[in-house]
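Please read the structure below before turning to the comments.
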Amino acid sequence: MSLTVYNTLTRQKEIFQPIEPGRVFMYCCGPTVYDHSHIGHGKLYVGMDIVVRWLRFSGYNVRYVMNITDVGHILDTGEDRILKGARRERIEPMEVVERYMRSFLDDMDALKNTRPNIMPRAAAHVPEQIEAIQKLIEKGHAYEVNGSVYFDVYSYPEYGKLSRRKLDELEEGKRVEVRTEKRHAEDFALWKAAEPEHILQWASPWGQGYPGWHIECTAMSTKYLGETFDIHGGGLENIFPHNECELAQSEALTGKPFANYWLHAGSLTLDGVKMSKSLGNSITIKQALLNNSPEVLRHYILSSSYNGPMDYSPAGVESAQKGWERLVSPLASIRQQLRRTDLPQGEISAVVQTCIDTALSDFSAAMDDDFNTPIALSVLFEYTRQVNILLNGETLLNQAELTAILDLYQRLAGDVLGILPEEHGGTQTTSVELTDGLVQLLIEMRANARKNKDYASSDRIRNRLQELGVLLEDGKDGTIYKLSA
RNA sequence: GGCGACGUGGCCGAGCGGUCAGGCAGAGGCCUGCAAAGCCUUGUACAGCGGUUCAAAUCCGCUCGUCGCCUCCA
């Protein structure tokens, strides 16, 4: 079974073939760090994280690069986003960058996204960007006017191939006034001359200025991944203009294909409307995490395709929460059983082995089909059902079987999807051993009370523990407990 | 105006020509001292109208509706 991915460039699913066997070079457009990230960003980066995790699980050595845009991203008003943030908070531009880059990393860590291998910052790669711009001028793809440099889109005939736009059609739909100094309205800035009062500026062959938004991705992806690399990821709304411009200037620069596969994550909507900072309808990742565990949020995000849209709703999160609880429900039981010293020993039975093999194989097929996490989750639900049947069955599972079952959860739900709860959820103010010992003691006392039909005492223990967030569940082989966060 | 997605049972959400998606909610049952959890059973959905086909949620056309992008966005 081989991996197929939907490629925005060709608008179809293709068999994934890396340039270098066993290695994948991947770039993903990162955030402009001028404000806290919202859950729309969460959906995008969880989606990309799943791509990386699945590639690694499949045995690829992945170099994952994500840029941090800390300069050059201009608002409609012509104002730099970073400078706007700096003025808003009355701090230095680089303080804005540090503050929100850390906030972004905190959020990504909290969502259990694996860190990219390299997170290059645009402001730290100005020389590389200047060099790229110079080469584009030499090759006749760019021109300098009044200290600014623009990319001549008509010099690159394939401009528009990613977003499937035609230049003559673009001209009709333009909504921004034509900068008269540009040769064509569609030309975009590679370098902008800075006004003297502009705080962020660098010396260049064209005078003081700062780089345009798109050139950083070309300079940094080329530097860390090579002139042609495997996967370029990002949000759907970046296809045009950002990705299109990146693509055009990169290929014009090197004369080689830029990225072989373009993966785009669908937008997240709130009540049917796209969540975005400019619309002011955003829920930050930090806010979302106040009410939900990262595992639940990931499960919610992964219950729809990464490249499709997703509507965020409280009812949806709640539904995801319930589903997730059932999905991981056998874990508490298995982990507690594995602590027992009187566990049967022996080989893994054919029934258990088949259950595991089927789940792994179905799960892999789903993930290989363009990272189809909804199907992958449905495989895990079926696995959970089978495991519950085994756990409730007449024969006690032996240690090897319990270990194997747990191991598959760890690999698929844990390593690949990142939705496995920690051994004990919630805040850990005390050691796992102490909690476990105390709860086991109470379980024993309650079992005694039940044996003596002293249900008042047994219910009191159960109710008091529930108030403390410890749920007792009586099963065939004794009572297990679950900690609610 | 241009380009492009999409409309699936109460809700969410897969599906890419023929045979089970899955989750949540609901109903009935088993188990339980009672619960909880789990398990079993239960839902004949594909916006509308035409067409292609032995066969269409799936392909084609039209209509209606929703959304995204068209140089701020992830």
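Within every chain, numbering begins at 1; the chains are lettered A, B, ... in the order of the sequence lines, protein sequences first and strands thereafter.
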Of the nucleotides [options], which has the atom closest to the [X] side chain?
X	options	result
A:R446	B:G33, B:C69, B:G23	B:G33
A:N388	B:U71, B:G38, B:C69	B:G38
A:P374	B:U71, B:G13, B:G22	B:G13
A:I389	B:C39, B:A21, B:U71	B:C39
A:D459	B:C34, B:U71, B:C69	B:C34
A:R450	B:A21, B:C69, B:C34	B:C34
A:S304	B:A14, B:A36, B:C69	B:A14

May I ask you to evaluate whether [X] reaches the phosphate of [N], defined as a side-chain N or O under 4.0 Å from OP1 or OP2?
X	N	result
A:K322	B:G23	no
A:R164	B:C70	no
A:S305	B:A14	yes
A:K13	B:C16	no
A:R326	B:G23	yes

Which word best sums up how the rings of [X] and [Y] line up, parallel for under 30°, tilted for 30 to 60°, or perpendicular for over 60°?
X	Y	answer
A:Y306	A:F371	perpendicular
A:W262	A:H232	parallel
A:F229	A:F258	perpendicular
A:F151	A:F188	parallel
A:H125	A:Y224	perpendicular

Donor-acceptor pair present, A:D474 side chain and B:C34 base, under 3.5 Å:
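Indeed, a donor on one side and an acceptor on the other fall under 3.5 Å apart.
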
With a 3.5 Å cut-off and heavy atoms only, can you find an N or O donor on one side and an acceptor on the other between the side chain of A:N372 and the base of B:G22?
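No such pair is found, so the answer is no.
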
[N] [atom2] sits how many Å from [X] [atom1], rounded?
X	N	atom1	atom2	value
A:H184	B:U71	NE2	C1'	16 Å
A:L331	B:G38	CG	P	13 Å
A:M310	B:C67	CE	P	19 Å
A:Q386	B:G38	CD	C1'	13 Å
A:I375	B:C20	CD1	C1'	11 Å
A:I461	B:A36	CD1	P	20 Å
A:R462	B:U32	CZ	P	15 Å

Go ahead and write out RNA chain B as dot-bracket, 5' to 3': ( ) for pairs within the strand, [ ] for ones crossing earlier pairs, | when the partner sits on another strand, dots for unpaired; Watson-Crick or G-U wobble, both distances under 3.5 Å.
((((((((.[[[..)..(...]]].(((((.......)))))....[[[[[..)....]]]]])))))))....

Examine the side chains of A:H36 and A:S103 and answer whether a donor and an acceptor come within less than 3.5 Å of each other.
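Short answer, yes.
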
Just to be sure I understand the rule, does [X] reach a base, reach only the sugar-phosphate, or reach nothing, if contact means heavy atoms closer than 4.0 Å?
X	result
A:L471	nothing
A:L472	base
A:F381	sugar-phosphate
A:G40	base
A:I239	nothing
A:H38	base

With a sphere of 6.0 Å drawn around CZ of A:R11, does it hold more than 12 non-hydrogen atoms of other residues, nucleotides or ligands?
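Atom CZ in A:R11 is packed in, count exceeds 12.
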
Is it the case that atom CZ in A:R340 sees more than 12 heavy atoms from other parts of the structure closer than 6.0 Å?
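More than 12 heavy atoms, drawn from other residues, nucleotides or ligands, come within 6.0 Å of this atom.
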
Quick one: on RNA chain B, does A:D311 or A:L327 contact a more 5' nucleotide (nearest heavy atom)?
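Checking each residue's closest nucleotide, the 5'-ward one belongs to A:D311.
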
Of A:S303 and A:P31, whose closest RNA chain B nucleotide lies nearer the 5' terminus?
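Result of the comparison: A:S303.
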
What residues form a ring-ring contact (aromatic ring centres under 6.0 Å, His included) with A:Y156, not counting sequence neighbours?
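Partners of A:Y156 under the ring-ring contact (aromatic ring centres under 6.0 Å, His included) test: none.
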
Pick the C1' atom in B:U8 and in B:U44, then give their distance to the nearest Å.
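Result for the C1' pair: 13 Å, nearest Å.
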
